[in-house]
Amino acid sequence: MCGIFGMIGDGAVGNTLRALGYLEYRGYDSAGIAALRKDRIDVYKTAGRIAALKKFIGDVPETDIAIGHTRWATHGEVCAANAHPFLSPQGRFAIVHNGIIENYRDLRRELNGALFTSDTDSEIVAHLLEKEYRGNALEAVLATARKLRGSFAIAIVSVSDRVLYAIKNKSPLIVGMSEEGAYLCSDIRCASHWASSVAVTPDDTVVELSDNGARFFRLDGTPIEVAFFAPDKAEEAERVDGDFMLKEITEIPSKLRLAEQGYFSSGGLGLTRDIARRLSRVYLIGCGTAYHSGLEAAAVARQWLDIDVLPVIASEFIYDNYTVDGDTLAIFISQSGETADTVRACERVRRSGGIAYAVTNTDSSSLTFACQRTLNIRAGAEYAVASTKAYNCQLVTLTLMLLDLGRMRGTVSDATYDEVLRGLEELPRAVEKILEDGYGIAQLAEQLKNSTAIFYIGRTADYPTACEGSLKLKEISYIHSEAYPAGELKHGTLALIDNTVAVVAIATSRELRDKMASSVTEVATRGAKVIAVSPYTFENAVRLAIPETHPYLYGIAAAVPLQLLAYYIAKRLGRDVDKPRNLAKSVTVE
Ligand code: F6R
């Protein structure tokens, strides 16, 4: 989703273009930059990729102040006019914006007669700055900030004082400093390519960035102190021969080991025995793939925990009436740590006095700052929009956390705990075996790629795996797909089954093997091509074999052939697997 970057320092145009490259992974459909010249601002913007922007800009002269933006359309279609930056009517300011200005319609009405060049909510900021300008740019920025409602990280270039400003509320904004310059960025990983120290800007804050350093203000103009710290340096995103998605799937075995080691070396669950025993409920909250890992972890933890473990979609949690009190542990799951819905849900839990933990891949993210404790899943950076290895590592961390909770509550014996740990040790090898069968999965993909729909079914802990397989397929192949608890098919969905569809049955439970065999027959006799993801064989189904593993850990292994299947189907359909249409890696608006 939208990315912003701003810089004061030599080579600002070149560095800003490079930064937009680092922000590409977030997902975007247009891009632009603004360069401050001696007494004016030049804006260059295009629809399409950064490569198109670079071509459009050509060999422009360098400068020492620039801002840039990758846009993921929310208000107004994808076109150059709606791309950022926007110039204020008299050219005094240029702005880029990440987030949504919720009251932009009212603000536009107040500026009766003003000429807008775009359909965006963002352009109103440029107009307000000009309207509020009475000879002092900082005052104009503060007055503008007080008028805005919604979520926003806004970077502003001001001609009059040659300063960069920013306004921040509920969208991530990092301020960075180095010997060479000062930076504004929506992403700590990107900022760390330049900055040796960074600060996470609090909500309702205005930032002034000049040659003299950074100053932070509340919206009434009161200066505030914000702490700087040294960020972990991001690795250069190495280009891979193939796609990031495939590379990230093949990393799963090594990352599973790191997730487990990381859990123990960071001190594990970190609840006192008293608090663990007093808890009356656990929520597992996230979006998309992260929600599915919560769904799966809850399904297995039901086998051993004596309290409710409730998986909830973050955007639902915010507006529904879930009970939260001091005996509530809410675990927020997010690869990026920046998903707006998840962060808002966390704030709701904190307001109600619950205990909020983050399970994330990204330290120093908005979620880690909102939570009392963070467990890092150590999956390493994900660049493909479709999340893969983070899912498997989230499950390792969540399973260990919930097992430890069970031990503290006396519902998990040492023997069971040791068995699961042994299972975890064997898991990377089991996943390697699945990866070795990549060729078979690629061949199967060829047979499935023209299906009109692909359904995923499973029972109990296999149902969340079905949900994740289905999500992976639809997001990168654009084939219609749904996931169902297998027993639910005959209550309606069976009407859709014919010889143009395929059904992927996930069947890891020995006890439910016969039940799954009936479900497989049910769909096969209606003409569907059936694929069984299972350690067992089924009549009427092609088997994608998974090695036998500990029953609590099947979800971690069974997701892998589904990730590969989605990948190969999408490839055979010629899709851009790393950057599927309409999707963003980091969803920073609600
Ligand atoms: C699916 C996918 C999304 C994310 C979701 C949450 O492949 O990547 O469904 O899982 O947007 O993102 P995070 O985990 O960053 O909060």
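We count ligands from 1, going down the list as the structure has it; atoms in each ligand are counted the same way. Side chains are part of it too, since the values below use all heavy atoms of this structure and drop only hydrogens, waters and symmetry mates.
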How far is atom 11 (O) of ligand 1 from the closest protein heavy atom, and which atom is that?
V587 CG2, 4.0 Å
Which part of T388 is near ligand 1, with near meaning a heavy atom under 4.0 Å away: side chain, backbone, both or neither?
neither
Would you say that more than 12 heavy atoms from the other residues, nucleotides or ligands in this model lie under 6.0 Å from the OH of Y439, or not?
no
Under 4.0 Å from a heavy atom of A290: give me the atoms of ligand 1 that qualify, with their elements.
10 (O), 14 (O)
Neighbour count above 12 (heavy atom, 6.0 Å) for D576 CG
yes
Is it true that K472 and S387 share a donor-acceptor pair across their side chains at a distance under 3.5 Å?
no
Atom 16 (O) of ligand 1 has as its nearest protein heavy atom T339 OG1, 2.4 Å
Counting only N and O atoms by type, is there a donor-acceptor contact under 3.5 Å from the side chain of S477 to the main-chain atoms of I479?
yes
When you look at NZ of K449, are more than 12 heavy atoms from neighbouring residues, nucleotides or ligands closer to it than 6.0 Å?
yes
Would T342 count as being in polar contact with ligand 1, using the rule that some N or O on each side must be under 3.5 angstrom apart?
no
Nearest non-hydrogen atom to atom 6 (C) of ligand 1 belongs to which of G288, C287, A566, A314?
C287
Subset of ligand 1 atoms that lie under 4.0 Å from at least one heavy atom of K472
1 (C), 7 (O)
Would you mind listing which atoms of ligand 1 come within a distance below 4.0 Å of any non-hydrogen atom of E475?
1 (C), 7 (O)
May I ask you to identify, for E338, whether its side chain, its backbone, both or neither come under 4.0 Å of ligand 1 on a heavy-atom basis?
neither
Between D29 and R49, is the salt bridge (Lys or Arg N to Asp or Glu O under 4.0 Å) condition met? List the steps.
CA-CA 7 Å; D29 42 51; R49 300 277 183 221; over 6 Å; no
Between R429 and E432, does at least one N-O distance fall below 4.0 Å, as a salt bridge requires?
yes
Are any of the side-chain nitrogens in R572 or E446 under 4.0 Å away from the carboxylate oxygens of its partner?
yes
Does the plane of the ring in F369 sit parallel, tilted or perpendicular to the ring in F229? Use 30° and 60° as the thresholds.
tilted
For V385, the atoms of ligand 1 under 4.0 Å from one of its heavy atoms are 8 (O)
Considering only protein heavy atoms, which is closest to atom 10 (O) of ligand 1, and at what distance to one decimal place?
T289 N, 3.1 Å
Enumerated ligand 1 atoms positioned under 4.0 Å from heavy atoms of Q335
13 (P), 14 (O), 15 (O), 16 (O)
By number and element, which atoms of ligand 1 are closer than 4.0 Å to a non-hydrogen atom of S334?
13 (P), 14 (O), 15 (O), 16 (O)
for atom 15 (O) of ligand 1, nearest protein heavy atom and its distance come out as S336 OG, 2.6 Å
